[in-house]
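Worksheet for the structure shown next.
Just so you know, these numbers come straight off a predicted model, no measurement behind them. Labels below follow one simple rule: chain letters A, B, ... track the order of the sequence lines, proteins then strands, and each chain is numbered from 1.
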Amino acid sequence: MGPAVTTSDSTTSDGAREPRSRAERYDPSAIEPKWQARWDELRLYEADLDDESRPRFYLLTMYDYPSGSLHIGHWYVKTPTDAIGRYHRMRGDNVFQPIGFDAFGLPAENAAIKNRINPRDWTMANIATMRSQLRTMGAGWDWTAEVVTCDPSYYRWNQWLFLRFLEHGLAYRAVSPVDWCPNDGTLAREQVEGADRHCWRCGAKVEKRELAQWYLRTTRYADELLDFSGIDWPEPIRIQQTNWIGRSTGAEIVFSTAPAAHHPGGSELRVFTTRPDTLYGATFMVLAPEHPLVAELTAPDRTADVEAYVKAAADKTEIDRLSADREKTGVPIGADAINPVNGARIPIFIADYVLGTYGTGAIMAVPAHDERDFAFATTFGLPIVRVIAPRDSDPDEPLTEAFVDKAADEAPRGTGRHDGPLGDIELINMGSDSAGRLVLVNSGPWDGKPAVDAWHGIVADLAERGLGRQAVTYRLRDWLVSRQRYWGTPIPVVHCPIDGAVPVPEEDLPVLLPDTVDYRGSGENPLNRDDAFLNVACPRCGGPARRETDTLDTFIDSSWYWFRYLSPGKDDGPVDSEMVHRWTPVNQYTGGAEHAVMHLLYSRFFTKAMRDLGLVDESEPFRRLFNQGQILGADGERMSKSRGNVQDPDELVARYGADTVRLYLMFMGPWDQGGPWSPTGIGGVARFLSRVWTIALDPAGREPGDPASGELPEGEDEAAARDHVRAATHRALRDVTEDIEGFRWNTMVAKLMELSNTLFRYRGTAITELPEWDEAVRLLLLMLAPSAPHITEELWSRRLAARGEPWESIHVQRWPEVDERAIVEQTREVPIQVNGKLRDRITVPVGISEIELEQIVMSRDKVVAAIGDAHVARVIHAGGGRLVNIVLRG
RNA sequence: GCCGAGGUGGCGGAAUGGCAGACGCAGCGGUCUUAAACACCGCAGGGGGCAACCCCGUGAGGGUUCGAGUCCCUCCCUCGGCACCA
């Protein structure tokens with residue numbers, strides 16, 4: 001049992017041992033389940049979505065993956081979120097606070113393979129556990145709106161949406177590589193282990209395999225996704241999304257291949273560059289190892305080297321490949337390209353720092369003006385030709401590093417569209433050189449022309465010859481949604497030998513996952529072996545065909561689930577458009593910052609795509625977003641069962657009660673920060689709630705440990721004490737309200753502690769008989785109600801009972817109003833600095849003039865001493881008289 | 001490596017460019033108790049001094065300012081993300 005919370009003597013004490021106070025002690029286990037049951041009975045948290053009489057407030061928190069049981073991290077997001085909902089209810093809003101489960105995903109399959117249990121059984125059992133755990137939190141979830149994504153009534157609409165996307169050209173199929181294990185099939189990133197990249201299950205060497213897979217065309221919305229107007233999202237998230245999308249303006253330039261013994265030449269090689277003005281400085285070309293023309297262009301005597309390099313590149317992660325300070329590697333393929341502006345023959349290399357997924361998968365290398373190209377050229381002894389130089393400098397002075405305009409780094413970023421540093425080319429911010437400081441050199445007809453003019457001029461010339469055009473490229477790629485797995489939404493397509501990929505007709509949805517599944521101890525998709533699932537008649541020609549066995553990425557599920565909460569049972573469409581129009585965008589979304597780019601960008605994409613399909617009118621899913629931090633294990637690592645660092649909330653609830661756990665999580669630190677879990681300090685919060693209990697139920701009691709107990713604080717008469725109590729109460733109300741609005745829970749709790757400490761000092765005095773005290777207790781309970789719903793409900797009900805008033809839940813009371821008059825002060829303390837160092841403090845009347853204040857300041861002994869014989873240069877009255885600083889000369 | 005966030009007492013943290021360390025935890029002293037636990041009251045950044053008081057102090061180094069934890073530059077460290085974990 002925890003300190004101060006439940007002790008045996010509160011329940012068993014009798015005449016043998018006199019407890020300190022006859023008042024009942026705070027025992028959360030006796031009150032929390034009682035109120036949870038009562039709230040359910042009253043359906044206190046079931047929103048009436050048709051209620052037009054109050055402002056709507058859609059409060060959404062990221063739904064959870066049912067991984068087994070809740071850990072303290074789940075509570076860390078949910079308790080403040082619940083406090084937001086409760087606060088808004090008290091503000092008079094119609095709050096909709098739904099919850100659900102993100103039920104498809106890899107862990108269920110891993111468990112299934114390992115333990116030979118059906119993923120559905122595993123998942124549903126976990127959901128049952130987590131539901132019951134969630135109840136102990138006493139949160140205001142509306143369970144009538146629950147969504148579970150592995151239910152056919154949900155995933156059928158994933159399929160339906162996929163078919164609409166297909167119709168509108170937003171879904172397509174293309175070949176792309178996956179990590180592949182010969183025994184276990186496609187592997188997720190987390191299933192590839194070690195530097196040698198082996199399969200986590202069988203240890204086999206992981207290969208790349210090319211598979212035809214389904215994509216969603218997120219890039220169609222790239223520009224619109226850069227526009228954050230109308231939503232109130234944290235700047236860091238907007239910056240991360242903007243950089244993730246990575247819009248770059250540049251040019252596509254067509255080089256051609258030079259004739260060689262093994263190749264007739266004349267093939268087009270397109271490159272994307274943000275620096276067409278440096279075209280004359282291209283001294284070699286680099287293709288990504290996976291570029292489609294590599295095999296064709298490679299000279300016979302280079303084949304062995306090139307193939308070995310391509311194979312090695314496939315083994316590396318993109319993160320490795322893009323590391324800028326890594327030693328540059330690459331191999332020549334024994335072919336040349338021809339520069340369209342000057343006919344120069346330049347050698348073609350492949351190198352892994354060029355990615356097949358960005359731009360055209362090929363770059364023109366300009367070592368004089370790009371750091372990576374410079375490093376590569378230096379390693380391989382390739383020529384470096386300077387083509388940009390400050391006006392009147394020597395153009396042929398050798399470079400010791402790439403000459404890149406540093407002003408590019410100062411380009412504004414993040415809040416809107418921008419062109420920033422790219423994966424492979426550093427962009428000069430053309431706007432930064434509007435003065436024409438930089439000119440072209442070694443560039444034929446362009447010598448002496450400002451780089452800014454050449455940038456556009458060279459592109460225009462190329463365009464005229466059909467050899468180039470201005471182009472925009474994004475770092476953002478289309479969304480690969482195919483997963484070679486069982487436990488997901490089956491992609492509703494049939495492959496027919498005659499008709500190709502045929503969509504499943506809408507009336508045949510849902511394509512159900514087979515109930516029985518046999519993994520045979522392998523990770524390979526069991527749908528591939530399930531004849532009953534596989535064999536199907538072609539919807540178009542009726543001939544024998546084969547079902548698509550890929551399932552959809554679970555991020556599809558989470559890309560529209562908040563729409564579904566509004567009509568979870570709807571069976572003639574995915575969403576109730578009218579309801580969606582009324583209730584979205586979501587007013588407040590809360591969840592982890594680890595979703596900054598993927599889930600939060602996919603959700604925005606889906607909303608825009610669904611708008612264009614005519615399903616919803618909104619363009620953005622979430623009006624306001626907050627990303628809380630992550631609670632790590634006590635060891636500072638992410639909580640996971642395998643590390644054994646998971647903190648179970650049930651244990652804490654059993655010991656301290658849900659209210660204490662909720663409040664402690666809020667008190668730990670700033671909500672967006674998170675940090676390692678440590679239970680040290682939870683006792684302080686428990687003590688705080690015990691004090692609140694005592695203040696509310698036993699105000700007349702005295703503390704034998706405090707000799708001054710029952711007396712007013714020294715120097716305070718009754719009138720002063722009344723003012724003091726009232727001022728403390730209303731100041732707390734003002735600050736707590738602001739802190740809740742700003743989600744500053746830790747300081748909110750601190751201010752409630754401060755108020756309770758103040759009130760505690762008046763226990764046993766006559767003050768507790770007065771209206772000021774009564775108001776203080778009332779406001780303290782109301783302020784605490786959103787965060788600690790059970791204890792406040794209990795104390796509220798006893799308060800009403802004591803007055804003979806009928807019971808009404810504290811959670812339907814109105815949030816109180818601050819009385820500004822109570823807070824006004826007569827005097828204030830002014831710190832006095834000499835040369836910025838604190839030397840004295842004085843207390844002065846609030847309305848004092850600067851002249852009067854200065855007179856008092858200058859007469860103070862400490863000030864006089866600090867000034868000595870120095871000369872006062874000036875006196876600064878800062879912040880409207882908040883501080884005085886005396887500046888000395890010499 | 002790139003993008004984003006952060007670094008303040010023994011610990012969690014507080015501080016619209018204006019008194020660094022609110023509020024807690026741990027610690028120390030005390031009250032209550034036969035005693036202990038609980039509870040309560042008080043002390044408490046580091047160094048020096050009997051004291052008044054003085055000096056130092058917000059990852060490191062520079063800068064802007066009357067004044068910097070806060071703004072700017074360089075660097076170091078930690079955390080999140082990097083497209084098949086969710």
Side-chain angles (χ1 to χ4, degrees), chain A residues 3-4 7 9 20-21 25 62 64-65 67 102 105-107 110 178-179 186-192 235-237 239-240 242-244 246 317-326 357 414 420-421 423 476-477 479-480 482-485 553-555 558 592-599 601 627 629-630 632 636 638 664 667-670 672-676 678 680-685 687-688 690-691 694 702-709 746-747 749-754 757 760 829-833 835-838 841 862 873-876 878-879 882-888:
Chain A
T7 59
D9 62 12
R20 182 186 4 278
S21 161
R25 301 185 83 179
M62 290 178 189
D64 291 307
Y65 182 77
S67 52
D102 184 17
L106 190 59
N110 291 339
V178 295
D179 286 325
T186 304
L187 298 181
R189 171 145 300 180
E190 65 166 21
Q191 297 174 316
V192 178
E235 167 116 349
I237 304 291
I239 293 173
Q240 281 187 82
T242 301
N243 292 337
W244 182 260
T317 65
E318 272 186 26
I319 293 171
D320 286 341
R321 286 175 58 169
L322 286 172
S323 292
D325 64 349
R326 200 179 116 242
T357 50
L476 181 72
R477 308 204 282 257
W479 178 7
L480 173 64
S482 278
R483 297 292 181 271
Q484 290 77 49
R485 294 187 215 294
D553 182 2
T554 57
F555 273 122
S558 54
E594 68 272 21
H595 293 295
V597 283
M598 302 186 64
H599 162 59
L601 196 62
N627 288 122
Q630 205 166 37
L632 307 171
R638 267 180 92 145
Y664 178 57
F667 185 55
M668 277 175 57
D672 61 358
Q673 205 171 284
S678 161
T680 330
I682 193 168
V685 172
R687 211 155 13 244
F688 161 62
S690 286
R691 278 173 173 244
T694 306
R702 297 203 179 189
E703 289 304 326
D706 177 8
S709 179
N746 56 328
T747 54
V749 175
K751 280 153 196 166
L752 290 172
M753 286 175 165
E754 228 165 336
N757 289 343
F760 211 80
E829 196 177 55
V830 180
I832 301 161
Q833 297 181 337
N835 275 347
K837 280 190 179 226
L838 181 72
R841 292 188 182 93
K862 286 180 188 171
R874 60 181 169 132
V875 177
I876 289 166
R882 258 208 321 279
L883 171 143
V884 174
N885 188 16
I886 299 162
V887 185
L888 305 180

Check side chain to side chain donor-acceptor pair (under 3.5 Å) between A:Asn757 and all other residues, then give those that pass, not counting sequence neighbours. A:Arg691
Run the side chain to side chain donor-acceptor pair (under 3.5 Å) test against A:Arg485 and tell me which residues pass, sequence neighbours left out. none
Do the side chain of A:Arg189 and the base of B:rC85 come within less than 3.5 angstrom through a donor-acceptor pair of N or O atoms? no
Taking B:rC73 as the reference, what is the distance to B:rG27 when you measure between their C1' atoms (whole Å, please)? 41 Å
Suppose you measure atom C1' in B:rA20 against the same atom in B:rU8; what distance do you get, rounded to whole Å? 8 Å
With rounding to the closest Å, how many angstrom separate the P atoms on B:rA68 and B:rC72? 16 Å
Could you measure between the two P atoms, the one in B:rC75 and the one in B:rG4, and give it in whole Å? 15 Å
Across the strands shown, which category fits A:Val178 at heavy-atom distances under 4.0 angstrom: base, sugar-phosphate, nothing? base
Per the atom types in the model, does the base of B:rC84 pair as donor or acceptor with the side chain of A:Glu190 at under 3.5 Å? no
By nearest-nucleotide position on RNA chain B, the 5'-leaning member of A:Pro236 and A:Arg485 is A:Pro236
With sequence neighbours excluded, residues passing side chain to side chain donor-acceptor pair (under 3.5 Å) with A:Thr694: none
Taking only residues two or more places apart in sequence or in another chain, which ones pass ring-ring contact (aromatic ring centres under 6.0 Å, His included) with A:Tyr664? A:Trp677
Determine the Euclidean distance between corresponding P atoms of B:rG49 and B:rU64; express it in Å to zero decimal places. 37 Å
Report, one pair per line, the protein and nucleotides 40-45 of chain B atoms (nitrogen or oxygen only) whose separation is under 3.5 Å.
from, atom 1, to, atom 2, distance (Å)
B:rC40, OP1, A:Arg691, NE, 3.1
B:rC40, O4', A:Glu703, OE1, 3.3
B:rC40, O2, A:Gly705, O, 3.4
B:rC41, OP2, A:Arg691, NH2, 3.0

When you compare B:rA60 with B:rC53, how far apart are their C1' atoms, in angstrom units rounded to a whole number? 32 Å
If I pick the C1' atom on B:rA44 and the same atom on B:rC25, what distance separates them, to the nearest angstrom? 14 Å
Just the rounded figure in Å: distance from P of B:rC3 to CG of A:Asn627. 20 Å
For A:Arg874 and B:rU65, what is the distance between atoms CZ and C1' respectively, to the nearest whole Å? 10 Å
Can you say whether the rings of A:Phe555 and A:His599 are parallel (under 30°), tilted (30 to 60°) or perpendicular (over 60°)? parallel
Rounded to the Å, how far apart are A:Tyr65 OH and B:rC85 P? 13 Å
Should the side chain of A:Gln673 and the base of B:rG80 be counted as holding a donor-acceptor pair, with the cut-off at 3.5 Å? no
Check ring-ring contact (aromatic ring centres under 6.0 Å, His included) between A:Tyr65 and all other residues, then give those that pass, not counting sequence neighbours. none
